[in-house]
Structure formats: structure tokens, C-alpha cells
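Note: hydrogens, waters and symmetry copies are ignored here, and every other heavy atom, side chains too, is used. Residue numbering restarts at 1 for every chain, and letters A, B, ... go by the order of the sequence lines.
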Protein chains: 2
Amino acid sequence: MSAEKHDVFQAIADPTRREVLRLLGEKELSITQISDHFPMTRTAVSKHLKILSEAKLVKSEKHGRAKIYYLHAESLQELKDWLEYFERFWENKLLKLKHQVEKDD
Amino acid sequence: MSAEKHDVFQAIADPTRREVLRLLGEKELSITQISDHFPMTRTAVSKHLKILSEAKLVKSEKHGRAKIYYLHAESLQELKDWLEYFERFWENKLLKLKHQVEKDD
DNA sequence: TTGACGTGAAACCATATGGTTGTATATAAT
DNA sequence: ATTATATACAACCATATGGTTTCACGTCAA
């Protein structure tokens, strides 16, 4: 798991990491709590969390011996911006369809 | 490059593939035309196109000896839907900020 | 103080990924 | 018919990715 090349797009490419984000959307959780939801070792989950951290999609705080992770959804803005560029390619189609339906009434 | 496991999330994880999507947003292009934009072989670009095809983000038609690719942006809807779930986590913050600014006026 | 608990980190492994070169095949153009 | 063009496909390669096991270390509870 190499250096500074984990951006948001790569971070959300993995289904496990997307599921982690959903979990953290519900509630802050420790690493152990998170890994209880997955059929893999705590170490594996920990690596996923590292990647999510690098992409700034999650943040963490130490509470005693536990490390608590929480969602930092603001970083999804980059994705939203990227998507926006492509919206014109199908939003128009939906509008045209809507107009067509209304005309048919 | 293995079987049916290329979904939209994985397809857009690669910067080259995102750039291909942008290019095709401007204009339909053949494989050769697309690969002219990248510092890699036509074969490499062709593999990226295959992955984008599997994710249904692009479609293609044969015109004589050329294979013309065009954008199929509708498949980005899945991404949009996924994002929507997380919007509540920061849209509210922006709204609060906006209200604060208005109150300050 | 002695464990038990929660995490970190290193070493290792199989497979995926992103790229290359080389060869084959179909379609135009001369 | 020959040649040039556009793509397809197979083989190969280095590195990344996603996972494991093992061990070390700080922290909390008895």
C-alpha cells in the first residue's frame, strides 16, 4: 500500500471501503467495531481505513487505546464536481422526455 | 484484465479513463484518435476502453475499419445515487453557514 | 503487577492492474 | 493485387492491491 497516490476516486473503488463509509455515516466506530462487520482480519480493514484517511474521506481520534473513526463526507465534493460536468449528457434527455409526456397529456 | 468485475466505481478510478470520458464528452472518437491524446500505446488505451465498455460508460460502433466510441453518461447515475446518500452529511453544514451569513447582514 | 484489550507494523502471498511488444486480420486506397 | 490503415489478440512484465500471519507496544482493569 504505497504512498500519496490514494485519491477519492481510488478510495471509493473498493466495495469494502464504500461499505465502511456507509457504516461511519451511521455512527462513529473503532477499528475493531468496523472490522466486526467484515469477513476479513482487523489488519485488512485497518489498511482500508488508511486509504480512506489518505483520501480524507474519514478522520480519526484516539480515545485511550481505541482509535475512533468518523466520516468526513465533505471530501466527496470532488466527486460531485466531477460528476457535474457530465450531467448535461443525460439530464437534457430526461427533460425532453418529461416535456414529451406533458405534451401527450 | 479479467472478467465481469468492472463496475462504474472501478472504471472511473483511473485518471486515464476519466480523461477518456471527458474527451468523448466533446466528440465521438476512434481508438486511434483517442490514443493520440495519451503518452501510451494504442493497445493500452484499447484496454481502458474495454473496461469503460464493461462499465457501460461508453458504447461503440464499427464504421468500416474504424471503431468509433461515444459516451454513455447515463451509467454515471449509479454514482450519483451513491453520492446522494452522503449529501446530508455536508449540505446541512453549508445551509447553516448560509443562514449564519444572512443573519450577519 | 499481571493480564487482557486495541492497535501498529513488518513480512509475506496471490492476483489484479496498467503497461509493453509482436503478430494476425479486416478494410480501404492505389 | 498490393499496400497502408485500424483494430484485435496473445504473451509477457513490473508494480499495485487486498489479503494473511506474527509480533511488538501502549493502555486499561483486576
Could I get the full list of side-chain contact (heavy atoms from CB on, under 4.5 Å) partners for S46(B), not counting sequence neighbours?
I31(B)
Enumerate the residue pairs fulfilling side-chain hydrogen bond (donor to acceptor under 3.5 Å, both in side chains) with a member in residues 17-28 of chain A, sequence neighbours excluded, ordered by first and then second residue.
R17(A)-H48(A)
Of the listed nucleotides (dA6(D), dT17(C), dG8(C)), which one gets closest to any side-chain atom of Q10(B)?
dT17(C)
Report yes if at least one side-chain N or O of [X] is closer than 4.0 Å to OP1 or OP2 of [N]; otherwise report no.
X: H6(A); N: dA16(D); result: no
X: T43(A); N: dG19(D); result: no
X: T16(A); N: dG18(D); result: no

Bend across the helix from dT1(C)-dA30(D) to dT30(C)-dA1(D), to 10°, with axes taken over 5 pairs at each end?
20°
Show the nearest heavy-atom pair for residues [X] and [Y], with the distance to one decimal.
X: L52(A); Y: V20(A); result: CD1-CG1, 3.7 Å
X: A55(B); Y: A11(B); result: CB-CB, 3.7 Å
X: H72(B); Y: K56(B); result: CD2-O, 3.0 Å
X: L29(B); Y: L24(B); result: N-CD2, 3.8 Å
X: Q10(A); Y: D7(A); result: N-OD1, 2.9 Å

Test ring pair (Phe, Tyr, Trp, His ring centres under 6.0 Å) applied to Y69(B) - qualifying residues, sequence neighbours left out:
none
Can you list, in residue-number order, the parts of residues 17-42 of chain B that come under 4.0 Å of DNA chain D, counting heavy atoms only?
S30(B), I31(B), T32(B), R42(B)
When you compare the protein's N or O atoms with those of nucleotides 25-30 of chain D, which come within less than 3.5 Å of each other, and at what distance?
unit_1  : atom_1 : unit_2 : atom_2 : d
dT27(D) : O2     : R65(A) : NH1    : 3.4

Mind checking what makes side-chain hydrogen bond (donor to acceptor under 3.5 Å, both in side chains) contact with E61(B), not counting sequence neighbours?
H63(B)
Separation of [N] [atom2] from [X] [atom1] (nearest whole Å):
X: Y69(A); N: dT7(C); atom1: OH; atom2: C1'; answer: 10 Å
X: I12(B); N: dG18(C); atom1: CD1; atom2: C1'; answer: 18 Å
X: L52(B); N: dG18(C); atom1: CG; atom2: C1'; answer: 13 Å
X: K47(A); N: dA11(C); atom1: NZ; atom2: P; answer: 12 Å
X: D7(A); N: dT17(D); atom1: CG; atom2: P; answer: 10 Å
X: I68(A); N: dC5(C); atom1: CD1; atom2: P; answer: 17 Å
X: L49(A); N: dG6(C); atom1: CG; atom2: P; answer: 16 Å

Going by the ring pair (Phe, Tyr, Trp, His ring centres under 6.0 Å) test, which pairs reach into residues 7-37 of chain B, not counting sequence neighbours?
F9(B)-W82(B)
Centre of Y85(B)'s six-membered ring, under 6.0 Å away, within 45 degrees of the axis: is that where NZ or CZ of R88(B) sits?
yes
Any base atoms under 4.0 Å from A66(B), or only sugar-phosphate, or nothing? Heavy atoms, all strands.
sugar-phosphate
Salt bridge (charged side-chain N to carboxylate O under 4.0 Å, His left out) partners of R42(A), counting only residues at least two apart:
none
Less than 3.5 Å between a donor and an acceptor, one on the side chain of K67(A) and one on the base of dG8(C), is that the case here?
no
